[in-house]
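Protein chains get the first letters and strands the later ones, always in sequence-line order, with residue 1 at the start of each.
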Number of protein chains: 2
Amino acid sequence: MFSKACEYAIKATIYIADQSNRGRRVGLKDISKQIASPEAFTAKILQQLARNQIVDSIKGPNGGFAIDSGKMSKIKLSQVVLAIDGDSVYKGCGLGLKECSAKQPCPVHEKFKVVRDELRKMLESTTIWELSLGLKTGLTFLHR
Amino acid sequence: MFSKACEYAIKATIYIADQSNRGRRVGLKDISKQIASPEAFTAKILQQLARNQIVDSIKGPNGGFAIDSGKMSKIKLSQVVLAIDGDSVYKGCGLGLKECSAKQPCPVHEKFKVVRDELRKMLESTTIWELSLGLKTGLTFLHR
DNA sequence: TAAATAAAGGACAAATTTATCCTTTATTAT
DNA sequence: ATAATAAAGGATAAATTTGTCCTTTATTTA
């Protein structure tokens with residue numbers, strides 16, 4: 001469904017959000033350990049997230065990554081996916097056709113539309129903030 | 001969502017089904033032309049589909065690929081996806097966790113479950129036969 | 001039986017994704 | 001100012017996916 005890079009991006013964003021909620025800024029090492037991802041690769045992904053203003057990055061001693069508390073309830077899961085994988089997974093044709101529409105549909109168009117719209121609705125309505133709540137309460141997990 | 005190989009596999013299967021319905025056996029060249037896919041790569045994919053008994057392959061003059069008319073209404077789209085990409089896209093965790101369950105859920109578990117179950121239901125209930133109908137009536141298309 | 005046809009399969013190549021390493025830049029604290 | 005810290009970024013490598021080429025095998029027809 002999503003690329004590995006995108007999976008890491010989602011996990012990292014949620015983890016940073018949770019830590020920001022607890023008033024903690026988190027470093028790359030901590031993040032990649034918590035989400036069980038390769039450090040240098042995760043760094044690249046965090047750079048993309050920072051460029052897309054999904055996370056804030058702070059250089060130097062006591063630096064790290066953070067997400068503004070007010071902002072995290074506005075950031076949608078779709079924005080993270082868009083930044084890393086693009087929007088084709090939740091907007092494109094299921095068979096990869098460039099020109100696929102109700103007028104000129106692929107064979108799975110109607111059936112797939114239902115699923116894709118459900119996915120899109122979920123991604124565009126779910127916030128990073130709500131996904132971080134489970135980590136706070138210990139009800140959700142980022143690895144295994 | 002699906003790999004390119006899987007997209008080609010789905011298109012090829014539907015095309016072969018349609019042609020089988022018209023009483024025609026189709027060759028690799030014809031298939032890859034119709035679904036706009038690289039010929040040799042498509043050959044590999046067709047081999048996988050044949051090994052998984054999704055299509056029949058016949059060697060020699062007047063050979064090609066076919067799907068038994070009785071069988072194509074029993075073959076589900078999920079079987080094609082399973083043969084090429086495996087079942088993780090419609091059964092696995094959205095964040096790629098190996099151990100993700102209601103008991104130990106990832107942060108997107110509940111939200112993603114709705115989408116994944118919808119996808120699974122669609123793939124497991126949709127037959128190759130019904131997907132081939134649109135080609136016959138000219139209402140659906142395999143390229144562009 | 002021989003020639004022609006078409007898929008199967010092996011070996012290889014290109015492209016993309018995933019991953020690593022090392023240097024540079026920005027920031028903080030001493 | 002200097003040293004220490006941590007992210008940014010460039011170069012490169014490994015792994016996987018996608019794609020190509022050529023030989024082998026099975027089958028049909030002449």
Between A:Asn62 and A:Glu39, which is nearer to the 5' end of DNA chain C once each is assigned its nearest nucleotide? A:Glu39
Sugar-phosphate only, base, or nothing, as touched by B:Ile58 at under 4.0 Å among non-hydrogen atoms: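 B:Ile58: backbone/sugar contact only, no base atoms under 4.0 Å.
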Could [X] and [Y] be called an ion pair, given the rule that one side-chain N must be under 4.0 Å from one carboxylate O?
{"X": "B:Asp117", "Y": "B:Lys121", "value": "no"}
{"X": "B:Lys4", "Y": "B:Glu7", "value": "no"}
{"X": "A:Glu130", "Y": "B:Lys111", "value": "yes"}

Could you check whether any side-chain N or O of A:Arg144 sits under 3.5 Å from a backbone N or O of B:Cys100, counting only pairs where one atom can act as donor and the other as acceptor? no
Donor-acceptor under 3.5 Å (A:Asn21 side chain, A:Lys136 main chain): no
Which parts of nucleotides 14-19 of chain C does protein reach within less than 4.0 Å, heavy atoms only, written one letter per nucleotide 5' to 3' as B for base, S for sugar-phosphate only and - for none? ----BB
Indicate the ring-plane relationship of A:Phe41 and A:Tyr8, choosing parallel, tilted or perpendicular according to the 30° and 60° boundaries. perpendicular
Atom NZ of B:Lys113: over 12 foreign heavy atoms under 6.0 Å: no
Tell me whether the OP1 or OP2 atom of C:dT28 has a side-chain N or O from A:Arg25 closer than 4.0 Å.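 No, A:Arg25 has no side-chain N/O under 4.0 Å of OP1/OP2 on C:dT28.
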Scan for side-chain hydrogen bond (donor to acceptor under 3.5 Å, both in side chains) pairs involving residues 49-64 of chain A, sequence neighbours excluded, and state none if there are none.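 Of all non-adjacent pairs touching residues 49-64 of chain A, none passes side-chain hydrogen bond (donor to acceptor under 3.5 Å, both in side chains).
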Taking any atom closer than 4.0 angstrom to a non-hydrogen atom of chain B, what span of DNA chain D does the protein reach, first nucleotide to last?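 In short, chain B contacts DNA chain D from D:dT18 to D:dT28.
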